[in-house]
Amino acid sequence: MSGKELPKAYEPKSVEEKWYGFWAERNYFHADETAGGEPFSIVIPPPNVTGSLHIGHALNSTLQDILVRWMRMSGRNTLWVPGTDHAGIATQNVVERQLAKDNIDRHAVGRDKFVAKVWEWKKEYGGRIINQLKRMGASCDWERERFTMDEGLSRAVREVFVTLYEEGLIYRGERLINWCPRCHTALSDIEVEHEDEKGKLYHIAYPLSHDHNIRLTVATTRPETMLGDTAVAVHPLDPRYKDLIGKTVDLPLTNRKVPIIGDSILVDLEFGTGAVKVTPAHDFNDYEAGQRQKPELPRIKILNDKAEILPDIPDVLPEVLKQVAGRPAKKARGMVVELLNEQGLLIKTDEHAHAVGKCYRCKSVVEPYLSPQWFVKTGPLAGPAIKVVEDGRVQFFPKGWENTYYDWMRNIKDWCISRQIWWGHRIPAWFCDDCGAITVSRTDVTTCARCAGKNIRQETDVLDTWFSSALWPFSTLGWPDQTKELAVYYPTSVLVTSFDIIFFWVARMIMMGLHFRREAPFRHVYIHALVRDAEGQKMSKSKGNVIDPLVMIDQYGTDAFRFTLTAFAAQGRDIKLAPERIEGYRNFANKIWNASRFVMMNLDDEFTPNSELITPNSSLADGWILSRLNSVTKDVQAALADYRFNDAASALYHFIWHEYCDWYLELSKPALIGDLGAAPRKATQTVLAHVLETALRLMHPIMPFITEEIWQNLPEEVRSQKSEVRKESIMVSAYPVADEKMINAGIEQDMKMVMDLILAIRNIRGEMNIAPSMQITVIVKVENKELGEHLEKSGGYAKTLARIKELRIGVSEEKPKNTATAVIRGAEVYVPLEGILDLTQERDRLQKEIAKISKDIEVFSKKLSNKNFVDKAPKEVVEKDTAKLEEFKAKRDKLEQSLMMLG
RNA sequence: GGGCGGAUAGCUCAGCUGGGAGAGCACAGCCCUUACAAGGCUGGGGUCACAGGUUCGAUCCCUGUUCCGCCCACCA
């Protein structure tokens, strides 16, 4: 016994720091675009600079790292581009909050200074999430780290904006958009979250102009907007009202007359009163209804950009205006209702639940708001982006997500890309105060393109954050320059992300990639589970299921955490991970650690492997574990290729723990102790080390740190790598490929018989309460000579693993008295226990066994007595089941005999 | 109002294209056997939400029901 000394338990912390530094130092993360080789590339979904690593990032980066490490080891020219997103509104909010602590408003600071402050903030805190990704073990090419607002990416943004503008795919116009009164900016449709809220449905009477005794009752959830009503709509086929179309009502609280119009789209005959107030400036439906009228209905704004009532709404009675002006909409609502009530115009108030739109960043209620904005005309971009998925050039995993993608893309609306905030890519457009023309330019301009006037000012709006993210797969590779990186690594191989940003990001990347690179930005889209409420304190905290990745890493180690996430990757949409499970995989890491200690303790100092000994011929156990190793290698490769991460993880888990450790390590002990001779010892040492070393390489993508630590401790000769570079680190070693010739069903079958024998004896020992320290005699009566010889040859295994002092095997062995009996395939096993055997216990045990097997017999008899089954089921199935039934019956007969002999 | 997903052991979750139900933790018994007590061995525990249907055969496919979650949508 010698070899290296390792601590008794795996200690992750120091190991992780050491090796991550080692890899970085050796530049293994860096991809060389000139190196040749088949490329494999991934761009990271850039986390927000404001972000802090939550379990979603942890899962996302782990899966990418697995793919990247796997491909890198497989010899591909592998690049993983990291970076962060400037996250316009989110980041601006963070810095604003910081200022608010000192009671400072950003307007007091001024735009330039504020933006400078955000940059400062970014410099100080923006690297946080990057460092956290490093702790996860992410093997990104950090030299290529990008930021959506760095110089190169900003150039890409401009190029795209200007090109789309020139192509007529970007336009500016006054439209009704979603407005966040808190963030003071427009939002795109998908940035609005709808939440059901309890509200009230107010029924209000509008008197007809020509006869105040006739009143039209409208129903509304937002009575305050009536100050901006410019019509009342009814269904043109409604017998109650259709004759009123064309007449007018006197709008209460104002001296405005508004027409009664017919609109079959806006008005639902079944709902409310059948009459609808129309406020085109503050409601999307009403806006469209207004456009359908000829001439179009006027649009009267009643709210400012803070969602407060304007002081100068046309036609509103001065005394009313005086009261409500400057009030927030919600407050004004109560006042308007009160005023109407005083005039007897409030008919009734019903409870009513309806969806309210909220800002996805700050959760404020979003107002439909009329304002000039910039839009991308998405129709022409969406067509090709749909096609590329339809014809399989882009594939989603799991495929089901393609429908989600289609649904949205086929109903896509123009994308509002302007934001009235300060942090972001400022729109490269200049307004001329002389001639009113708009100049859009790749470079900053000082004169109007039309009139050459100098009286121009740049648009103050910035672009939606997602505009720059949409370019990420090619902007990070140097576009618009035609770089070598771009040529080699675009399109990327796979995008790994969660489903919540299929619309925000995936769809837009595909559109932009196709438009500007004529090729979709990735071939595969792997959609993994999503972690909800990672920062949404309400739900998680009350449920108590918040899991902080960094705490988990500290507690259990990165590898255990990564392995847990990998085992998790199959599941559906929600993640509710129990920490105990991570603990389980921490134990797994420790298991690997100790198995490695065992192996190294059993290698001699001068041990050198002989690759010719890596063969099934030396012993049953060796042949068996080699067969299993190659079988698992095959499974893991196949699983990873299909993005079945959990299958890869569980295959490895089962192999290492339950086959290599539980069986092979135990089976190897007799040979290692050495009383079998030098040759078997050497052969076993070789296989033992070979399997461990191969398993480590198989595991490395999932558990990078512990595998490196152990691998580096193995004798150099065991780490049989062909190139010098590959010998340096497991990270750059070769990923195992299965050797089909090693997979041998016959050997696995033979091994199974030995295992069955051992299990049967252990069962007897356990159930009969035979002390583990007691060595016993076992007699095996085999059905035929071949089996006998086989067991004879491998009897040493059973002796060690079942603690047998004497093992007798033969066709003519007889059952002694006072014997516990077990039946395995092809043999009966007797454990005689002179004087000690408790007949009652043995009877119970046998009865339990018989009951169990009887159940099986019942099931199979029933099945096989069914003529339809015998006729129609596949022949193999019938044959297999018939054989099983026979075996079961034979086993039961033998067990029953034994029971009877007990008396 | 549409669409999607889930319901499997006490808990957290696997189970690929239909042929005798799995893991981790928890539980019971026996063991500190010189790799590992973060361990070993043995064992208990599930009418796979409910009701129909297709099939020789359904946890798996179809229909419906109940409960939970999500996405989309302009019901005033």
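In what follows, chains are A, B, ... by sequence order, proteins preceding strands, each numbered from 1.
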If you check every side-chain atom of A:H658, which of B:A38, B:G24, B:A35 has the closest atom?
B:G24
Distance in angstrom units between A:M600 CE and B:U34 P, rounded
20 Å
Sugar-phosphate, base or nothing in reach of A:F860, heavy atoms under 4.0 Å:
base
When all nucleic acid strands are considered with a 4.0 Å heavy-atom cut-off, which category describes A:F888: base, sugar-phosphate, or nothing?
base
How is A:G274 classified with respect to the nucleic acid when contacts are heavy atoms under 4.0 Å: base, sugar-phosphate, or nothing?
base
Once hydrogens and angles are ignored, does a donor-acceptor distance under 3.5 Å link the base of B:C36 to the side chain of A:K8?
no
Tell me whether the side-chain N or O atoms of A:K863 pair up with the base of B:G20 as donor and acceptor below 3.5 Å, since no angle test is needed here.
no
A:F563, A:F568, A:W657 screened by ring pair (Phe, Tyr, Trp, His ring centres under 6.0 Å) with A:Y585, the one that passes
A:F563
Just to be sure I understand the rule, does A:D662 reach a base, reach only the sugar-phosphate, or reach nothing, if contact means heavy atoms closer than 4.0 Å?
sugar-phosphate
Closest to the side chain of A:R803, out of B:A76, B:U33, B:G40, is B:U33
With respect to the side chain of A:F499, which nucleotide from B:C70, B:C56, B:A38 is positioned closest?
B:C70
What is the distance from atom CE of A:M768 to atom CG of A:D844, rounded to the nearest 0.5 Å?
9.0 Å
Heavy atoms only, 4.0 Å cut-off, all strands: where does A:V267 land among base, sugar-phosphate and nothing?
base
Could you check if a side-chain atom of A:R892 sits within less than 4.5 angstrom of a side-chain atom of A:I857, using non-hydrogen atoms only?
yes
Categorize A:K669 for me: base, sugar-phosphate, or nothing, with a 4.0 angstrom heavy-atom threshold over every strand shown.
base
Touch class at under 4.0 angstrom, heavy-atom based, for A:V859 against every strand present
nothing
Decide yes or no, distance alone: a donor-acceptor N/O pair under 3.5 angstrom between the base of B:C74 and the side-chain of A:N285.
yes
Mind checking if A:L759 touches a base, just sugar-phosphate, or nothing, with heavy atoms under 4.0 Å?
sugar-phosphate
Given B:G43, B:G19, B:G39, which nucleotide is nearest the side-chain atoms of A:E767?
B:G43
What is the separation between atom CG on A:N403 and atom P on B:G5, rounded to the nearest whole Å?
9 Å
Once you apply a heavy-atom cut-off of 4.0 Å, does A:D268 come out as touching a base, just sugar-phosphate, or nothing?
base
Categorize A:L665 for me: base, sugar-phosphate, or nothing, with a 4.0 angstrom heavy-atom threshold over every strand shown.
base
Partner of A:F396 under ring pair (Phe, Tyr, Trp, His ring centres under 6.0 Å), picked from A:Y405, A:Y526, A:W401, is A:Y405
Taking any heavy-atom pair under 4.0 Å as a contact, classify A:H654: base, sugar-phosphate, or nothing.
nothing
Is any side-chain N or O of A:D856 under 3.5 Å from a base N or O of B:G20, one able to act as donor and the other as acceptor?
yes
Out of B:C72, B:C56, B:A23, minimum distance to the side chain of A:R581 belongs to B:A23
Counting side-chain heavy atoms from CB outward, which of B:A38, B:G24, B:G29 is closest to A:R586?
B:A38
Check the pair A:L688, A:F598 against side-chain contact (heavy atoms from CB on, under 4.5 Å), reporting the backbone distance first and the verdict last.
CA-CA 10 Å; A:L688 199 60; A:F598 173 81; 4.3 Å; yes
Determine the contact category for A:E193: base if any of its heavy atoms lies under 4.0 Å from a base atom, sugar-phosphate if only primed atoms, P, OP1 or OP2 are that close, otherwise nothing.
nothing
Rounded to the nearest Å, what distance is computed from the CZ atom of residue A:F568 to the P atom of nucleotide B:G15?
12 Å
